[in-house]
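As structure tokens, the structure follows; a few thoughts come after it.
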Amino acid sequence: MKDLGERLSHGFREECAVFGIWNHPEASRLTYLGLYALQHRGQEASGIVSLFEDLHIVHKGHGLVADVFREETLNSLKGRSAIGHNRYSTTGENEKFNIQPLKASLFNGPIAVAHNGNIVNSLGLRKDLQRKGAIFQGTNDTELILHLVSRNPSDDLMTCLKEELPKLDGAYSMVMLSKNSMIAARDPNGFRPLVLGEILVKGGKAKVVSSETCAFDLIGAKYIREIEPGEIYYCDDEGEQSFFLDNRSDKKNQCIFEHVYFSRPDSIVFGQSVYETRKRLGASLAKECPVEADVVIPVPDSGVPAALGYSQESGIPFELGIIRNHYVGRTFIEPKQSIRSFGVKIKLNPQEAVLKGKRVVVIDDSLVRGTTSKKIINLVRAFGAKEVHMRIAAPPTVSPCYYGVDTPDKEELIAANHSVDEICKYIEADSLGYVSLEGLHRAAEDKEKSEYCAACFTDLYPTEIPKN
Ligand code: AMP
């Protein structure tokens, strides 16, 4: 486990979801549903803050959205506007204070903030603020943003944000609720997604912001556009307005891993359907790494669209050779006697009917440490496969992410230290193939390669990563 200083220097590797709604009679309920649709982005904790008159009402707790909120809690979260957050965290730092949204009382009124992404220069900024007397209660980047805003001398919240946000390096897609407005902001690189939608309500429109469009589908909101990298979007009862940060550049660095793994396939992310991108990744993989085989099977669920793409491009039939149990929680009571591959089998069960005597292509979205692939390949063989060819719908993962995806350090990333042949031997596959970086960029329908951050596959970080 890293020490606090080391972890803070890069921010915590948090994968999160944010959601916000302005001017809807069922604001907290729709926020709850939005968070429900965004559960895949964080399962450790969840929270909602609503705005009632000029007070902020808050409810948050550990666990899944459906467990944190009850009918009574949603009834108590009164008001026509609300923001919410789902949090994922690596072990150790999941204490209650870190659950978002955070709320604070500034001299010009209450403010609540929910944020997705990691601020890479947070340790330096934090130390600076502490020297000037700031007292931090938690260990998250959101609190840092609150301190920066609260110390700005301006009375105007937008001026505070325009002056303070450029001090942050790294990733932030955030929503804020003040006493009379909702604000959404995205860092100039646009690392993490953030989208704007609206819902018709009596006498006007409710404005909605979300990490992904799948939340809009559930609540019947219309997708309008992305919040632009470097944009601060503001809405209140008078209307809406956009401002741009001074450090905004023409160059986006959107996280390509959102397309590979992180986002839901039914979302439009960075203007592209994730499902279509993943299918194209599978098709590229079939062209770049062909193999003679009888059947293509996905590692469910994240490998499914790419496996369909591989099958359609190669003509090799697609089958569900591994069935996933969707009801596996974080913990379960293990048997007293050891069962081979129990950890993976409780979630993924191969089918002999599909696999016996077959040459099988197994498709997964990514290979990180290599342990999952190794276990799956062994299981697929144990259920009768004659050959197992592993195909990965992403390039080799060679570097950790400092912008909000939980990837292990370099020492644990198998591709950072081993060749494809060595990895193939380690996972005990008959062959192994990855999609190329060009194939990945093409699949994400990139106009120019510079539109995406692919640092986890290239080791080229678009911002400086401070060492401490
Ligand atoms: P590994 O055993 O470390 O190679 O894990 C690879 C598996 O983890 C793949 O099946 C991916 O779908 C999944 N995966 C990749 N990135 C992440 C992530 N950031 N968080 C959780 N799971 C991931």
Side-chain angles (χ1 to χ4, degrees), residues 10-17 38-44 86-91 116-118 171 191-193 211 255-265 274 277-278 281-282 285 297-307 321-322 324-326 328 330 341 343-348 350 362-380 388 390-418 420 422-429 432-435 440 453-457:
H10 300 138
F12 290 112
R13 294 189 190 162
E14 284 185 20
E15 298 161 347
C16 299
L38 298 169
Q39 187 75 79
H40 61 290
R41 298 185 72 88
Q43 302 89 37
E44 295 290 341
N86 287 340
R87 178 165 198 258
Y88 166 101
S89 78
T90 46
T91 50
N116 170 213
N118 282 177
F191 286 110
R192 308 256 68 89
S211 292
C255 170
I256 208 156
F257 200 67
E258 291 277 351
H259 273 293
V260 168
Y261 168 80
F262 203 49
S263 292
R264 255 174 64 160
V274 175
T277 301
R278 288 187 189 161
L281 276 168
L285 197 52
I297 66 163
V299 176
D301 290 323
S302 51
V304 172
I322 302 172
R324 178 171 171 182
N325 180 343
H326 285 97
V328 180
R330 289 250 152 162
S341 303
V344 67
K345 265 201 281 191
I346 192 157
K347 194 164 155 196
L348 302 173
V362 181
I363 311 277
D364 204 356
D365 64 275
S366 57
L367 191 151
V368 182
R369 296 177 185 84
T371 41
T372 309
S373 298
K374 189 182 173 84
K375 285 177 186 161
I376 287 170
I377 289 165
N378 279 322
L379 270 185
V380 167
V388 187
M390 192 75 202
R391 293 292 178 271
I392 305 296
T397 305
V398 291
S399 305
C401 177
Y402 297 114
Y403 307 116
V405 173
D406 181 29
T407 28
D409 291 329
K410 246 188 161 122
E411 307 87 73
E412 288 182 61
L413 292 172
I414 192 164
N417 310 299
H418 295 90
V420 173
E422 286 169 341
I423 301 169
C424 184
K425 279 202 190 84
Y426 172 75
I427 63 175
E428 297 175 38
L432 167 66
Y434 290 88
V435 87
L440 173 61
C453 170
C456 50
F457 304 124

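All ligand and atom numbering here is 1-based and tracks the order in the structure. One is the number of the first residue; the rest follow in order along the sequence.
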Original post:
At a non-hydrogen distance cut-off of under 4.0 Å, which region of D365 contacts ligand 1 (side chain, backbone, both, or neither)?
Top reply: side chain

**OP:** Compute the minimum heavy-atom distance from V405 to ligand 1 and say whether it is under 4.0 Å.
**Re:** yes

**OP:** Taking only Lys NZ, Arg NE, NH1 and NH2, and the carboxylate oxygens of Asp or Glu, determine whether E44 and R87 approach each other closer than 4.0 Å.
**Re:** no

**OP:** Anything under 30° is parallel, anything over 60° is perpendicular, the rest tilted; go ahead and classify F257 against F457.
**Re:** tilted

Original post:
Does K374 have a non-hydrogen atom less than 4.0 Å from ligand 1?
Top reply: no

Original post:
Which part of F262 is near ligand 1, with near meaning a heavy atom under 4.0 Å away: side chain, backbone, both or neither?
Top reply: neither

Original post:
Is the closest side-chain heavy-atom distance between E15 and D406 below 4.5 Å?
Top reply: yes

Subject >> Contact partition for T371 relative to ligand 1, non-hydrogen atoms under 4.0 Å >> reply: both

Subject >> Residue-ligand contact L367/ligand 1, heavy atom below 4.0 Å >> reply: yes

**OP:** Just go through D364, V299, I376 and tell me whose heavy atom is the nearest to atom 10 (O) of ligand 1.
**Re:** D364

Original post:
Would you say S366 touches ligand 1, if touching means a heavy atom closer than 4.0 Å?
Top reply: yes

**OP:** Can you pull out the closest protein heavy atom to atom 13 (C) of ligand 1? Residue, atom name and distance to 0.1 Å, please.
**Re:** Y261 CE1, 3.9 Å

